[in-house]
Every structure is written in structure tokens, then in C-alpha cells.
Amino acid sequence: MNDFLISIGLEVHVQLKTKTKMFCSCAVDPESPPNTNICPVCTGQPGVLPVKNEEAVLLGIRAGLALNCKIEKFSVFARKNYFYPDLPKAYQISQYELPVASGGYIKAGGKKIRLVRAHLEEDAGKLLHAIGSEEVDGSLVDLNRCGTPLLEIVSEPDIDSPQLAFDYLKSLRRLMRYAGISDCDMEKGSLRCDCNISIRRCEDEPLGVKAEIKNMNSFKELKDAAAYEIERQKKLLDSGGKVVQETRLWNSSKGKTFSMRSKEEASDYRYFPDPDLKPIYVSGEMLEIEKAGLPELPGAVKERFMNQGLTEYQADILTDEKVLADYFDKIIAGLTPDGQEEAANIVISNLLAEANQSNLPLDAFLNSVKPAYICELVKFRQEGKINKQVLKTIFPKMIKEQKAPRELIKDVNIVSDESEIVKLVEDAIRANASSWEDYRAGKEKASGRIVSHVMKESRGAADPATVMRILKRMAGE
Ligand SMILES: [Zn+2]
């Protein structure tokens, strides 16, 4: 089978974090009962006039800056005409020829994925299909979502694998959450992603015919759907068939994509500038204010953490959420530089494990744990006062009882006096004479028996690292 070049482009919709809708003052609240946040504007009554939401425009500009885009001084809203029951106006207000932001890139998986544009638009309503149900036999429409502000971020087809598509979406989500633009919760629909895939045999050929996949509800589904679609197209081309331009739906339970309809061309939508809305003008002053208001973005935070001595793996986890990175910054403010690595270990292995079990949102959980407590633990670990086992024992208590580690270690059996550990090591050597001989003869592994003997005798209260240090010293290393 010939190998193919893969080209994937993503169209991602993020729901902007505004209190009200894009062109009216109705609340954006997905928890409200159906059809309660609606008005003549968002239900498309005749004679109404839309008024653009300035907050949404500012978020669009801020997003453009976070995405390294060029912010256009002048952009316009256009009507995208199509009929669907969840779109009462029979057109969606979007941006077409002149978007608010163009160009830009996102770094993901060690690569720079170029962006085509980012534009503002409004969302449609929701259809609830209840065909055959006892109460309603048909489809119901809920217009609460109609008019919710969205930003559509379109990438170039620079993505060459399902894994990179996954990484790209993760990076995009992280950026949008850091910059306070969107919650990007895929389950709640505030992050949605369509994926365009084409394959070709070599660089010299133009891009192949693309299929668009919709209906992926998680990062994993995006990866699975892309992998399936690439294989489908490869088989098709290898057997002499042709890929047709179409929209396909991902069915996660079957693990397959299915043809939904032939893909529309832009001309099918008969775009034209919306005569009811003034263009967006972005002044130099506005741009400066937005630039200044942008927080340190995840890429920069990660680099800073790595420069401070953390591994890429650690820096990656700690910058996954802004609240976590901010929390880690509070911890390291109370430590010397040589304590940062241990702090990262405790946060990743102990704190995040507790956070996962707590069922609390991460920010609420972190608010309940004083950064000073973590600093104290780091210092105790550095001084060899507590071993990992003791740390593991007192950690949940520290959170549950809101007690400082220094209070909690009073209750646990800890051998921190080095002379006591020396005695324990001497006993262990006597009890495991042959292992000791082997160890001195250079068999590193032979130390295992001696260390475990000490751990057993001290009931886990000695620090294995200290035991190893003493053992090495005794062996004359
Ligand atoms: Zn409304």
C-alpha cells in the first residue's frame, strides 16, 4: 500500500464567556429552562435591530492576540443564509470576507500550526428530537442558545496526524482558558470542533479532496475519527476509488464516520454584509489596552517553569490549568530554588491525586489547601524529616483537618535522627550479612534487602533516601 501525506485542518468554535448574547441583552445561561432566555431579536421577529455586544468583540480581539493573529482595524458582520428550524431568522450573523483576526498560529506537539482566521459569529438554537416518545412525537426547538457569541478559529491544513490534531485542540483550549475567553468545556458544548481531512500521494500533488467530519464530542473522539477517516480514504484511493467532498458524521459507538450530506460551498450561503450592523473598528488604543490586559500565556509559563529547573513533563502538567500554575507560583514564592523540583513532585503526585478524588472543581479545591502547607512539606522532605510514605499518610489529613504539617508529624512515627537510622542500618547489615558482602562487591541490587529490613524495623518511618546515603557511606563509596 502506498503511503500518503495527510492534511488536517480544524474549525473550532469556542463560546465566548459573556453574560449576554451577541446581538441582544438576553442572558447566556445553558441551565435555564427551554425558551426562557429569548426576545424578538434572537428569535428573528420582523422589524427588530441587532446591537453588537462590545464585551464579545473585546474577547474576540483578545483571543486574536493570544493566537498571534493580526487584528484587523476594520471588520464586518455578514449574513450566512440557510434554512434550519433552529435558526428562526433563516440566516446566521457571522463574519466572512473581513474577519476580526487573521493569520496567527498555535504551537502544538513541537510544531507551529498556522491559522487562517478567527471570526465572530452567533450560535443557532438547539433541536431536541423526541420522535416516538410518549409525551411528544416529533422534534422540539429550544432557542435559548440562539444568538450566543462564538469565535470560530480556522486552521490551515498543517496538521499531519490524528495525534497532532489532538495536541492542537488541547493547546487551543489551554490558551482560551488562560486568556479568560471561554470555558472550552466540550461536554457542555462551549468547545466544538469540525475536522477537514484530505490525503495525497506526494508533496507535488495539490491537496486532495477533503471530507469534513462533525459530531465529535471529546478529544479522544477527534483522534479516533481522524484515524478512521484517514484509513477510509487510503483504502478508497488504493482500490481506484475517489474521495468525494462531503460532510460526514462520527458515530462513536460504531467507531465509524458516515456520510451526512454533500459539503456546501461558501457560495451556497449567499453571504452579504449585514446592513443592520455597523462594522467593528479597532483603534490603536483599544489594541494596546487588550495587549496589556493579556495574562502570561501557557507557553510562556511552561518555559519559565522549565528555566527554573522543572522537567518538560512537570511543566506541562503544572500549566494545564491557569489556576494550577498560579497556585504553583504561590508555592515557589515561599521556597528556595532547590525546593522547586520537590514542590512539583508533591503537587503532581499528592495534591492532584487528592483533587481528583475530591469531586470539587480544581479552583475550589486549591482554595482549600494553603500553599504554605505545601512549602512546609517540601522543607521537611529536604531535611529528611519525612519520607514519601509519611508524606502520603499525612497529606489527606492535612487537607481534611486543615492542619499544618508540623502539627500532623507529631502524631506519626518518624525517625529523623540520623544516629538512630545508622543503628537501624547496622542491625540490618548484621541480619543480611551475605547481601552486605554482595553490595560491597559492587552488586547494587543487593542493597534492596538491607533497605527493606530497615523500613520494616522502623515501620516505614525511616526515609529510604537517607538509608541509602548511610549505606553508601558505610560501604566506603
Ligand atoms: Zn434575545
Side-chain angles (χ1 to χ4, degrees), residues 11-64 75-96 98-101 118-130 136 138-153 176 180-192 194 269-282 286:
E11 288 172 17
V12 178
H13 286 90
V14 301
Q15 185 183 317
L16 299 174
K17 237 178 172 176
T18 56
K19 291 185 190 72
T20 57
K21 293 188 182 180
M22 190 74 220
F23 301 110
C24 62
S25 57
C26 290
V28 173
D29 179 11
E31 308 291 322
S32 300
N35 298 309
T36 49
N37 295 322
I38 54 173
C39 74
V41 174
C42 55
T43 55
Q45 308 295 310
V48 296
L49 281 175
V51 177
K52 67 174 181 279
N53 180 337
E54 293 297 338
E55 195 191 350
V57 172
L58 287 179
L59 286 175
I61 294 169
R62 193 191 298 175
S75 68
V76 297
F77 287 105
R79 290 186 183 179
K80 180 181 183 181
N81 296 281
Y82 69 96
F83 175 76
Y84 206 65
D86 62 7
L87 188 74
K89 293 200 297 291
Y91 64 84
Q92 178 193 21
I93 304 177
S94 179
Q95 294 192 300
Y96 180 56
L98 299 166
V100 68
H119 66 254
L120 292 160
E121 62 183 30
E122 60 173 349
D123 208 346
K126 261 185 195 171
L127 287 182
L128 182 75
H129 300 293
V136 206
S139 291
L140 300 169
V141 64
D142 174 9
L143 297 179
N144 276 352
R145 203 179 66 179
C146 215
T148 299
L150 300 177
L151 186 77
E152 180 173 342
I153 302 159
M176 293 297 107
I181 288 153
S182 171
D183 287 334
C184 287
D185 188 333
M186 236 173 157
E187 269 175 38
K188 290 186 181 151
S190 59
L191 173 71
R192 280 170 265 159
D194 300 335
Y269 291 116
R270 305 171 341 270
Y271 281 98
F272 63 88
D274 192 314
D276 290 342
L277 283 156
K278 280 193 208 161
I280 298 172
Y281 292 100
V282 182
M286 243 167 109

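Read the numbers this way: they start at 1 and go in the same order the structure lists the ligands and their atoms.
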Considering the Zn ion (ligand 1), could you give the total of protein N/O/S atoms lying closer than 2.8 Å? 4
Could you pull out all residues at least two apart from Y91 that satisfy side chain to side chain donor-acceptor pair (under 3.5 Å)? R79
Summary of side-chain hydrogen bond (donor to acceptor under 3.5 Å, both in side chains) pairs that have at least one residue in residues 13-27, sequence neighbours excluded: H13-E121, H13-E152, T20-N53
Check whether D276 reaches the backbone of P50 with its side chain - one donor and one acceptor, N or O, closer than 3.5 Å. no
So I280 and Q95, do their side chains get closer than 4.5 Å, heavy atoms only? yes
Could you pull out all donor-acceptor pairs under 3.5 Å where a side-chain atom in residues 34-44 meets a protein atom, sequence neighbours excluded?
{"residue": "N35", "atom": "OD1", "partner": "L143", "partner atom": "N", "Å": "2.6"}
{"residue": "N35", "atom": "ND2", "partner": "V141", "partner atom": "O", "Å": "3.0"}
{"residue": "T36", "atom": "OG1", "partner": "P33", "partner atom": "O", "Å": "2.6"}
{"residue": "N37", "atom": "ND2", "partner": "S32", "partner atom": "OG", "Å": "2.9"}
{"residue": "T43", "atom": "OG1", "partner": "C39", "partner atom": "O", "Å": "2.7"}
{"residue": "T43", "atom": "OG1", "partner": "Q45", "partner atom": "NE2", "Å": "3.0"}

Check the pair Y96 / Y269 against ring pair (Phe, Tyr, Trp, His ring centres under 6.0 Å), numbers first and verdict last. CA-CA 11 Å; Y96 180 56; Y269 291 116; 9.1 Å; no
